[in-house]
K.L.:
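One structure, as structure tokens, below. Some questions next.
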Amino acid sequence: MAKGAANFISFCSIPGVRNSTTLAPEKPSFILSQSSFHELVGGCVGYVNYRSISALKVTRRGFHAKQRKYSMPISKVYQHKAVNFQVRNLASLDFQRFCREGKVEAALDAMNEMENNGVFVDSLDLIELLQICEDMKLLETGKRVFEYAMRSPSKPHIAVFNKFVEMYCRLGDTSCAKRVFEEMPERNLDSWNKMLVGLAENGEGVEALRIFSMMKKDGVRPDEFTFVAVIMACRCVGAVEDGQEHFVSMSRDYGITPSMEHYAAIVDLLGKSKKITEAKELIANMPIEPSSRVWETLEKYSKAGPSGLKLSNKKTVMDMLVSNQKKASPEKSKALKKLRSLSKEVKEAGYVPESRHVLHDHDHEAKEKTLLYHSERLAVACGLINTPPGTTLRIMKNLRICGDCHNFIKILSSIEKREIIVRDIKRFHHFKDGKCSCRDYW
């Protein structure tokens with residue numbers, strides 16, 4: 001994704017995601033349906049023309065075998081032990097290969113074949129598949145994997161449940177993450193930490209702090225990662241004093257020495273609360289040399305005002321916009337048209353463009369035009385065009401969302417009666433009914 005770009009992804013349905021292709025079967029001497037295969041395996045002694053048992057191959061079309069010149073007797077016991085072993089082994093190898101190649105749909109098909117033969121994927125393979133779903137932003141596919149895991153006759157390992165919590169949070173679905181967390185048969189420290197971090201990253205600071213209280217009541221001892229999440233949660237809700245108390249408690253009550261990540265988090269909390277002097281004092285008294293991240297965090301809040309490239313006149317901007325629109329693809333042209341229509345609706349609902357978020361030296365009209373075509377707005381427009389009414393939209397952006405786009409999308413969520421989730425470089429913003437999960441504090 002190009003720098004500064006936002007990408008529209010709908011996780012609510014994935015009809016277009018078919019990364020695998022059906023394997024072309026070799027010419028068999030016969031093809032058995034799955035039910036016929038089980039009838040053969042469960043039946044009496046018979047003669048089947050196999051080239052060899054190892055040639056037996058599982059595909060999405062059924063079971064295929066090549067012919068050999070002589071007949072080989074297969075007993076009932078031998079069939080169960082040898083043939084089923086080959087079926088399971090080949091399907092398992094196929095599943096692992098599809099995961100390595102990122103072919104999620106094919107991996108799911110292999111899982112189903114294995115399940116039909118009484119075999120379930122082990123925990124390590126499930127975690128690998130969930131990581132692929134997370135990397136490829138396949139929320140609905142991840143939900144299908146969860147359903148599969150719940151059908152397993154053996155209880156999934158706690159690491160699998162933890163991965164589900166992490167995946168759901170990373171893909172912006174904290175409701176599913178909390179449901180998994182609450183229904184886990186047992187939890188370890190990693191379970192609590194993943195839930196805390198996930199909630200904080202999604203702007204649900206109040207809920208994260210509630211979970212932290214539950215954690216302490218359950219007698220679970222927090223570690224250094226826990227406190228990073230807790231300070232992040234305090235930042236979400238602007239709880240400066242609580243965040244500072246947790247920072248002190250970390251070393252006082254639990255013997256945890258603050259790391260650079262903790263200092264960066266508390267400086268971020270202080271800076272966002274406009275307590276710049278306190279942040280500078282904290283940095284000055286750090287027992288370790290402040291990292292570039294700590295200084296950058298302080299600098300972000302210390303700047304007197306925006307600075308940026310200056311373009312001399314309105315014509316330059318308008319020429320750039322016209323040029324970009326001429327180069328736009330048909331899909332982008334539709335999105336631009338939709339965006340212009342949405343802009344009128346949002347203004348009627350009370351939206352006022354904040355031109356201060358444009359760093360270039362233009363007049364007000366040119367700045368307003370520039371704001372209109374920000375990448376996250378184009379992504380939202382594209383999503384509205386390509387999904388049914390009511391579908392949740394998820395936007396992934398590799399820069400921070402600007403304040404004007406934040407207000408625009410917040411109002412738009414109320415007009416369109418949709419939840420719009422934007423993941424920028426810092427956190428998730430869940431827009432719904434004209435409100436944002438960050439409470440306009442980010």
Side-chain angles (χ1 to χ4, degrees), residues 1 3-9 11 134-135 137 139 165-178 181 193-212 225-240 242-243 246 261-274 293-294 296-301 357 374-377 379-380 392-410 412-413 419-432 434-442:
M1 181 161 52
K3 184 177 180 182
N7 186 28
F8 159 71
I9 310 170
F11 294 123
E134 181 184 315
D135 293 340
K137 311 297 185 291
L139 177 60
V165 170
E166 182 179 57
M167 179 200 71
Y168 281 134
C169 287
R170 291 279 175 84
L171 298 182
D173 194 337
T174 54
S175 296
C176 281
K178 285 186 281 189
F181 179 79
N193 284 345
K194 288 187 185 302
M195 192 72 258
L196 284 168
V197 171
L199 289 169
E201 287 184 341
N202 279 275
E204 298 186 31
V206 173
E207 183 65 11
L209 294 173
R210 185 187 72 82
I211 293 291
F212 181 55
F225 302 108
T226 310
F227 281 100
V228 171
V230 170
I231 296 171
M232 286 171 58
C234 290
R235 183 194 182 282
C236 290
V237 296
V240 180
D242 288 345
H246 288 306
E261 195 168 3
H262 296 107
Y263 280 107
I266 198 72
V267 168
D268 197 23
L269 169 63
L270 292 169
K272 187 60 186 176
S273 304
K274 301 187 180 351
R293 180 184 172 189
V294 172
E296 287 168 3
T297 303
L298 178 65
E299 183 184 10
K300 176 176 65 177
Y301 296 111
H357 292 289
H374 275 191
S375 59
E376 51 266 59
R377 299 193 201 193
V380 169
T392 298
L393 301 183
R394 286 176 166 82
I395 311 299
M396 314 303 285
K397 181 176 173 64
N398 63 349
L399 295 175
R400 290 190 73 186
I401 184 173
C402 82
D404 187 74
C405 287
H406 190 275
N407 292 335
F408 181 93
I409 298 173
K410 189 168 61 172
L412 183 63
S413 69
E419 182 176 9
I420 304 173
I421 302 173
V422 178
R423 174 67 164 107
D424 68 9
I425 197 170
K426 287 291 184 181
R427 61 187 48 81
F428 281 92
H429 295 270
H430 294 249
F431 299 95
K432 189 175 182 180
K435 298 177 182 178
C436 180
S437 59
C438 76
R439 303 178 182 181
D440 299 334
Y441 186 91
W442 84 103

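All values below were derived from every heavy atom in this structure, side-chain atoms included, with hydrogens, water molecules and symmetry-related copies excluded. Position 1 is the first residue of the sequence, and the numbers go up from there.
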K.L.:
Step through the shown structure and confirm whether more than 12 heavy atoms of other residues, nucleotides or ligands are within 6.0 Å of CD on Glu261.
P.N.:
no
K.L.:
Measure the spacing between SG of Cys234 and CD1 of Ile266 and express it to the nearest 0.5 Å.
P.N.:
7.5 Å
K.L.:
Between Asp440 and Lys435, does any NZ, NE, NH1 or NH2 come within less than 4.0 Å of an OD or OE carboxylate oxygen?
P.N.:
no
K.L.:
Is a side-chain donor or acceptor of Ser413 paired with a backbone partner of Gly434 at a separation under 3.5 angstrom?
P.N.:
yes
K.L.:
Does Phe408 have its ring centroid less than 6.0 Å away from the ring centroid of His374?
P.N.:
no
K.L.:
Enter the distance from Asn193:CG to Ile211:CD1 here, rounded to the nearest 0.5 Å.
P.N.:
12.0 Å
K.L.:
Can a donor-acceptor pair be found, under 3.5 Å and without considering hydrogens, that links the side chain of Arg394 to the backbone of Leu171?
P.N.:
yes
K.L.:
Stepwise, does the side chain to side chain contact (heavy atoms under 4.5 Å, CB included) test hold for Ile421 with Phe431?
P.N.:
CA-CA 6 Å; Ile421 302 173; Phe431 299 95; over 6 Å; no
K.L.:
Quick check for you: to the nearest 0.5 Å, what is the distance between Lys194 atom NZ and Glu166 atom CD?
P.N.:
3.5 Å
K.L.:
Report the distance from atom NZ of Lys272 to atom OH of Tyr301, rounding to the nearest 0.5 Å.
P.N.:
5.5 Å
K.L.:
So how far is it from Leu199 CG to Ser437 OG, rounded to the nearest 0.5 Å?
P.N.:
11.0 Å
K.L.:
Establish, from distance only, whether the side-chain atoms of Thr174 and Asn202 form a donor-acceptor pair under 3.5 Å.
P.N.:
no
K.L.:
In terms of ring plane angle, is the pair His429 and His406 parallel, tilted or perpendicular, where the classes change at 30° and 60°?
P.N.:
perpendicular
K.L.:
Nearest 0.5 Å, please: how far is CG in Leu269 from OG1 in Thr297?
P.N.:
11.5 Å
K.L.:
Any salt bridge between Asp268 and Arg235, counting N to O under 4.0 Å?
P.N.:
yes
K.L.:
Do Met195 and Cys169 pass the side chain to side chain contact (heavy atoms under 4.5 Å, CB included) test, and can you show the C-alpha distance, the side-chain angles, and the key distance before you say yes or no?
P.N.:
CA-CA 8 Å; Met195 192 72 258; Cys169 287; 3.9 Å; yes
K.L.:
Please test Phe212 against His246 for side chain to side chain contact (heavy atoms under 4.5 Å, CB included), starting from the C-alpha separation and ending with a verdict.
P.N.:
CA-CA 11 Å; Phe212 181 55; His246 288 306; 3.6 Å; yes
K.L.:
Closer than 3.5 angstrom, by distance alone: can the side chain of Asp424 be matched with the main-chain N or O of Ile401 as a donor-acceptor pair?
P.N.:
yes
K.L.:
Taking side chain to side chain donor-acceptor pair (under 3.5 Å) as the definition, give me every residue that meets it alongside Asp242, ordered by chain and number, with sequence neighbours left out.
P.N.:
none
K.L.:
Any Lys/Arg nitrogen of Glu296 or Arg293 sitting under 4.0 Å from an Asp/Glu carboxylate oxygen of the other?
P.N.:
no
K.L.:
Would you call Arg427 and Glu201 a salt bridge, using N to O less than 4.0 angstrom?
P.N.:
no
K.L.:
Using a 4.5 Å cut-off on heavy atoms from C-beta on, say whether the side chain of Ile425 contacts that of Asn398.
P.N.:
no
K.L.:
What are the two closest non-hydrogen atoms of Ala200 and Cys236, and how far apart are they?
P.N.:
O-SG, 3.3 Å
K.L.:
Apply the test side chain to side chain contact (heavy atoms under 4.5 Å, CB included) to residues Arg170 and Arg423: give CA-CA distance (whole Å), side-chain angles for both, the deciding distance (0.1 Å), then the verdict.
P.N.:
CA-CA 9 Å; Arg170 291 279 175 84; Arg423 174 67 164 107; 5.8 Å; no
K.L.:
What I want to find out is whether Glu376 reaches Arg400 closely enough, with some N-O distance under 4.0 Å, to be called a salt bridge.
P.N.:
no
K.L.:
How close do Val197 and Ala229 get, counting heavy atoms only, and between which atoms?
P.N.:
CG2-CB, 3.6 Å
K.L.:
Specify the closest pair of heavy atoms between Lys410 and Cys436, including all atoms of both residues, with the distance to one decimal.
P.N.:
CD-N, 4.1 Å
K.L.:
Just so I know, are the side chains of Val240 and Leu270 near enough to count as touching, which here means a heavy-atom distance under 4.5 Å?
P.N.:
yes
